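The structure displayed is predicted, hence computed values, not measured ones.
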Amino acid sequence: MSRVEFPYEAEARECRTLFPHCREGIVYLDHAATSPLPTPVLEAVQRYLEWRHRGQMRYDWELERMARARALAAELIGAPSPETIAFMPNTTTGLAVIALSLPWSAGESVVVGAQEFPAAVYPWRALQRFGVHLRFVPMPDGALPVERIAEALDESVRVVVVSAVQFLSGYRVDLEALGKLCQERGILLVVDGMQAVGAVRVDVQRGFVAALACGGAKWLMAPHGAGFLYVAPQLLEQLTPALLGWLAAEDPWDFFAFQQPLAPTARRFEGGSPDYGAIVGLCAALELFAVYGPDRIQERLLALSAFLRERLCREFPELLLLTPEEARQRAGIVTVRVGSSQMAAEIVARLAQRRVYCSARLEYVRFSPHWYATAAELEYAVAAFREVLQEVAQRSSLP
């Protein structure tokens with residue numbers, strides 16, 4: 001058992017009791033893909049489903065949970081008020097809402113990283129029919145520094161889109177510096193928060209973020225189908241919802257007032273009936289973050305990722321570590337190149353046989369522990385990785 005300790009050991013031990021896999025010997029290092037659900041999240045969704053199953057509609061409770069989740073999401077990302085938060089089923093939908101609600105002119109451009117996750121690209125690709133151009137910033141090292149983005153900016157650029165944390169390399173973008181640059185040039189900064197929110201601190205006001213979309217199924221440890229969109233107050237005035245639903249109205253219960261104003265808040269983008277069960281789960285997950293504290297979570301997670309990166313770098317000097325070394329450029333993702341996509345998939349499958357769960361992404365193996373992981377788990381994962389590499393190498397050398 002490792003004697004290495006990280007910050008907030010007592011809090012992490014308490015949090016571990018909320019996950020059955022921690023008791024079952026599973027080393028779960030795949031939160032950048034999908035997170036296990038903590039017990040309070042599971043119980044909240046089960047409560048909702050049980051009431052629905054029995055015909056016991058609890059609309060007041062559902063609406064209270066929605067209001068609570070909206071407030072907690074705003075607090076988590078430093079938004080000015082809950083009125084800037086709209087519920088979304090996923091990140092893609094949130095980004096598409098912004099892309100399709102802005103007024104566009106032919107010849108305008110959107111700047112995006114060349115190795116962004118597709119969810120951050122496709123909503124803007126849809127604008128090509130309006131004559132809007134996609135401009136890709138090279139990312140040969142998996143990084144997206146502000147200086148590189150600045151080189152791509154000219155008078156045609158209307159929007160810069162970035163993931164706060166890159167899904168493959170784990171590179172953490174300097175949102176404050178980028179946001180300041182965009183503000184100075186009159187460019188909107190739109191952020192994919194999927195790999196950051198719940199792992200590291202994001203402050204949309206300090207970062208001059210115009211909009212941020214985030215699903216809940218990864219670092220927020222919430223169900224699929226529950227996420228949110230932040231829209232800055234000054235941006236809200238520029239947007240015309242491309243898709244209107246009855247809940248976008250100022251007073252949805254005034255059924256036949258079809259010409260009434262839209263809701264003056266980000267709720268105007270929600271449209272139709274939400275997935276109450278998923279949002280109830282999201283609320284329970286956000287309450288856990290409020291209890292344990294996002295600053296504590298970030299501090300411990302950065303220590304964990306530094307520890308894992310250092311172990312992999314020392315044990316396997318022949319392999320490329322794609323994840324940056326500097327703490328300010330890193331979150332919870334640690335990615336190592338193993339040679340080919342086929343080899344990566346085989347390694348991940350063999351690690352799963354040893355109860356270590358991670359992901360294969362192209363020719364890389366991606367580890368993504370959350371803050372409740374332990375040093376012993378990470379050391380076990382590194383040892384298992386060593387064994388698997390040896391097995392794969394021996395198999396490849398057979399005649």
Side-chain angles (χ1 to χ4, degrees), residues 63-88 91 93-99 101-102 158-165 172-216 219-220 222 226-241 247-251 261-271 274 279 282-283 285-291 293-295 297-298:
L63 293 175
E64 184 276 328
R65 293 285 82 191
M66 287 185 69
R68 174 73 168 150
R70 209 184 296 270
L72 288 170
E75 181 179 349
L76 182 61
I77 64 171
S81 81
E83 294 185 343
T84 62
I85 301 297
F87 292 114
M88 293 286 143
T91 304
T93 303
L95 294 176
V97 162
I98 300 300
S101 298
L102 280 166
R158 180 84 178 281
V159 172
V160 169
V161 184
V162 297
S163 293
V165 173
R172 183 179 176 187
V173 175
D174 187 344
L175 288 183
E176 290 189 30
L178 179 57
K180 184 178 180 181
L181 172 68
C182 289
Q183 186 193 49
E184 291 171 349
R185 302 200 181 190
I187 296 170
L188 298 174
L189 175 58
V190 178
V191 176
D192 177 340
M194 191 69 175
Q195 296 291 1
V197 178
V200 292
R201 291 291 279 181
V202 174
D203 190 315
V204 293
Q205 293 190 88
R206 291 184 62 181
F208 303 103
V209 174
L212 179 146
C214 179
W219 300 95
L220 286 175
F228 61 86
L229 169 68
Y230 161 76
V231 184
Q234 60 272 25
L235 177 60
L236 187 66
E237 302 171 359
Q238 304 177 38
L239 301 178
T240 302
L247 290 179
E250 186 173 41
D251 181 7
L262 300 181
T265 69
R267 181 172 62 81
R268 65 173 59 183
F269 300 107
E270 294 176 357
I279 294 175
L282 174 64
C283 182
L286 290 170
E287 286 179 331
L288 284 177
F289 281 90
V291 167
D295 289 324
I297 290 170
Q298 172 179 274

Is there side-chain contact between Leu229 and Met88, with heavy atoms separated by less than 4.5 Å? yes
Do Phe208 and Leu189 have side chains that approach each other closer than 4.5 Å (heavy atoms only, starting at C-beta)? no
Please examine the side chains of Pro274 and Met66, heavy atoms only from C-beta on, and report whether any two atoms are closer than 4.5 Å. yes
Nearest-0.5 Å distance that lies between atom CH2 in Trp219 and atom CD1 in Ile297: 11.5 Å
Do the side chains of Val191 and Val204 get nearer than 4.5 Å, heavy atoms only? no
Do the side chains of Tyr230 and Val202 get nearer than 4.5 Å, heavy atoms only? no
So Phe289 and Leu220, side-chain contact (heavy atoms from CB on, under 4.5 Å) or not? Walk me through it. CA-CA 8 Å; Phe289 281 90; Leu220 286 175; 4.0 Å; yes
Stepwise side-chain contact (heavy atoms from CB on, under 4.5 Å) check, Leu175 with Val162: CA-CA 9 Å; Leu175 288 183; Val162 297; 4.0 Å; yes
Any pair counted as salt bridge (charged side-chain N to carboxylate O under 4.0 Å, His left out), so long as it reaches residues 196-211, sequence neighbours left out: Glu176-Arg206, Arg201-Asp295
Hey, does the side chain of Arg70 reach the backbone of Ile85 with a donor-acceptor pair shorter than 3.5 angstrom? yes
Scan residues 180-194 for pairs that pass side chain to side chain donor-acceptor pair (under 3.5 Å), counting only residues two or more places apart or in two chains. none
Results of side chain to side chain donor-acceptor pair (under 3.5 Å) for Thr84 - residues two or more places apart only: none
Nearest atoms (heavy-atom pairs only) where Leu102 meets Leu188: CD2-CD1, 3.8 Å
Under a 4.5 Å cut-off applied to non-hydrogen side-chain atoms, are Phe269 and Leu262 in contact? no
If we ignore hydrogens and angles and just use 3.5 Å, is the side chain of Arg172 paired with the main-chain N or O of Val165 as donor and acceptor? no
At their closest point, which heavy atom of Leu76 faces which heavy atom of Pro294, and how far apart are they? CD1-CB, 3.9 Å
Using modelled atom types only, decide if a donor and an acceptor are shared between the side chain of Arg268 and the backbone of Thr240 within a distance under 3.5 Å. no
Nearest 0.5 Å, please: how far is CG in Leu181 from CG in Leu178? 6.0 Å
Residue Glu75 excluded, over 12 heavy atoms near CD under 6.0 Å: no
If we ignore hydrogens and angles and just use 3.5 Å, is the side chain of Glu270 paired with the main-chain N or O of Ala86 as donor and acceptor? no
Where Gly78 and Gln205 come nearest, the two heavy atoms and their spacing: O-NE2, 2.8 Å
Taking the side chain as C-beta and beyond, is there a heavy-atom pair between Cys283 and Ile279 under 4.5 Å? no
Which pair of non-hydrogen atoms, one from Leu235 and one from Ala211, has the smallest distance, and what is that distance? CD2-CB, 4.0 Å
Nearest heavy atoms of Ala74 and Ser81, plus distance in Å: CB-O, 3.7 Å
Min side-chain heavy-atom separation Cys214-Ile77 under 4.5 Å: no
